Amino acid sequence: MAIKKLSKRDSTIEIKQNNVILDEDDFIISKTDINGNILYCNEMFSKISGYDASDLIGANHNLIRHPDMPKLAFKILWDLIKEKKEFFGFVKNLIKDGSYYWVFAYITPDFDNNGNIISYTSVRRKATQSAIDTIIPIYKLLIDAEKSGGVEASFKVLNNYLKEHNTSYDEFIINLQKGAIVWVFFLIKVQMN
Ligand SMILES: Cc1cc2nc3c(=O)[nH]c(=O)nc-3n(C[C@H](O)[C@H](O)[C@H](O)COP(=O)(O)O)c2cc1C
C-alpha cells in the first residue's frame, strides 16, 4: 500500500493566535532534497512542529507553511538557493495544532564533489522580538500587495521599502537579528557535513 506523504497545510487545521517562543539555545535543523521534501530533521524540529519525525521525513517543507507568510519570502529563498547562494530570513511557521512560532532561518545548498546541488540544509533559531515586530507589518504589506497584484506587486513593495531605508535584503535581515550568532549557523552546518 502506498503511503501518502504529507504536504501543505491540512485546511482543517484551525489557525490559532498562540505564539510558541523558542528558548535561546534551541536550534531547529532540517535537510531537504532539491524539491523541498524533508530528508532529515532534528528532534527540536519534531518537538516544536508537533509532528512525529516519521511524518516529517518525506513530507514537503510547505507542511509547516503559515498563511501569514508572503509568497515573496519563499520566492526569494528558492531563487537564492537555486543560484547556489545562502538565504537568511524570518519565517512564521505553523504548528500541527494551529499555533505558530517565529524563527530566524539560514538556508544553504549542499554540493557534491562536482559542485552540483544535492540537497539543502536549514538551521534556525529564535527570532528576536524586535525583528518580529518590524517584520510583521512588512509581511502584511507584502501579502496585501500579493492579493491584488501577485508576487510582482509585493516585490515592488519590498524593493521600495529597502530603497527608502537605503539597504539590501541581506543587510536588512541580518541587522534585524542584530547579526547575533549568525556564525553559529555556519558552524553547525560545517559540523553536519
Ligand atoms: C531547506 C529548506 C527549509 C525550508 N524551511 C521552511 C520552513 O521552515 N517553513 C516554510 O514555510 N517553508 C520552508 N521552506 C520553503 C518550502 O519549501 C516552501 O517553498 C514554502 O513553504 C512555501 O510553500 P508553497 O510555495 O507550496 O506555498 C524551506 C525550504 C528549504 C529548501
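Just so it is clear, the structure is predicted and the values come from calculations on it, not from any experiment. When a ligand or atom number is given, it counts from 1 through the structure's own listing order.
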S.K.: Give the minimum heavy-atom separation between Lys92 and His66, together with the two atoms involved.
M.R.: O-CB, 3.2 Å

S.K.: For ligand 1, which part of Val103 has a heavy atom less than 4.0 Å away: the side chain, the backbone, both, or neither?
M.R.: neither

S.K.: For the residue pair Asp110 and Thr121, confirm or rule out a side-chain donor-acceptor distance under 3.5 Å.
M.R.: yes

S.K.: Restricting to non-hydrogen atoms, name the atom on Gln177 and the atom on Arg125 that form the minimum distance, rounded to 0.1 Å.
M.R.: NE2-NH1, 3.8 Å

S.K.: Are any of the N/O atoms on Thr121, whether in the backbone or the side chain, positioned under 3.5 angstrom from an N/O atom of ligand 1?
M.R.: no

S.K.: Taking everything shown except Phe45 itself, do over 12 heavy atoms lie less than 6.0 Å from its CZ?
M.R.: yes

S.K.: For atom 3 (C) of ligand 1, which candidate among Arg65, His61, Lys92 provides the closest heavy atom?
M.R.: His61

S.K.: Report, as yes or no, whether the 6.0 Å neighbourhood of atom NZ on Lys75 holds more than 12 heavy atoms from other residues, nucleotides or ligands.
M.R.: no

S.K.: Is the closest heavy atom of Ile28 to ligand 1 under 4.0 Å?
M.R.: no

S.K.: Is Ile173 close to Phe90 at the side-chain level, that is, under 4.5 Å between some pair of heavy atoms?
M.R.: yes

S.K.: Is the count of non-hydrogen atoms from other residues, nucleotides or ligands lying under 6.0 Å from Asp133 atom CG greater than 12?
M.R.: yes

S.K.: Answer yes or no: does an N/O atom from Ser122 fall short of 3.5 Å to an N/O atom of ligand 1?
M.R.: no

S.K.: To which of Asn62, Val91, Asn60 does the heavy atom nearest atom 21 (O) of ligand 1 belong?
M.R.: Asn62

S.K.: My understanding is that only residues two or more places apart in sequence, or in another chain, count here; which of them pass salt bridge (Lys or Arg N to Asp or Glu O under 4.0 Å) with Lys16?
M.R.: none

S.K.: List ligand 1 atoms under 4.0 Å from Thr32, heavy atoms only on the residue side.
M.R.: 1 (C), 2 (C), 31 (C)

S.K.: Identify, by atom number and element, the atoms of ligand 1 in contact range of Ile64, meaning under 4.0 Å from any of its heavy atoms.
M.R.: 7 (C), 8 (O), 9 (N)

S.K.: For ligand 1, is there an N or O atom under 3.5 Å from any N or O atom of Asn93?
M.R.: yes

S.K.: Ile81 heavy atoms, cut-off 4.0 Å: which ligand 1 atoms fall inside?
M.R.: 31 (C)

S.K.: Quick one: does Arg124 get a heavy atom under 4.0 Å from ligand 1?
M.R.: yes

S.K.: Check this for me - ligand 1, Trp78, N or O atoms closer than 3.5 angstrom, yes or no?
M.R.: yes

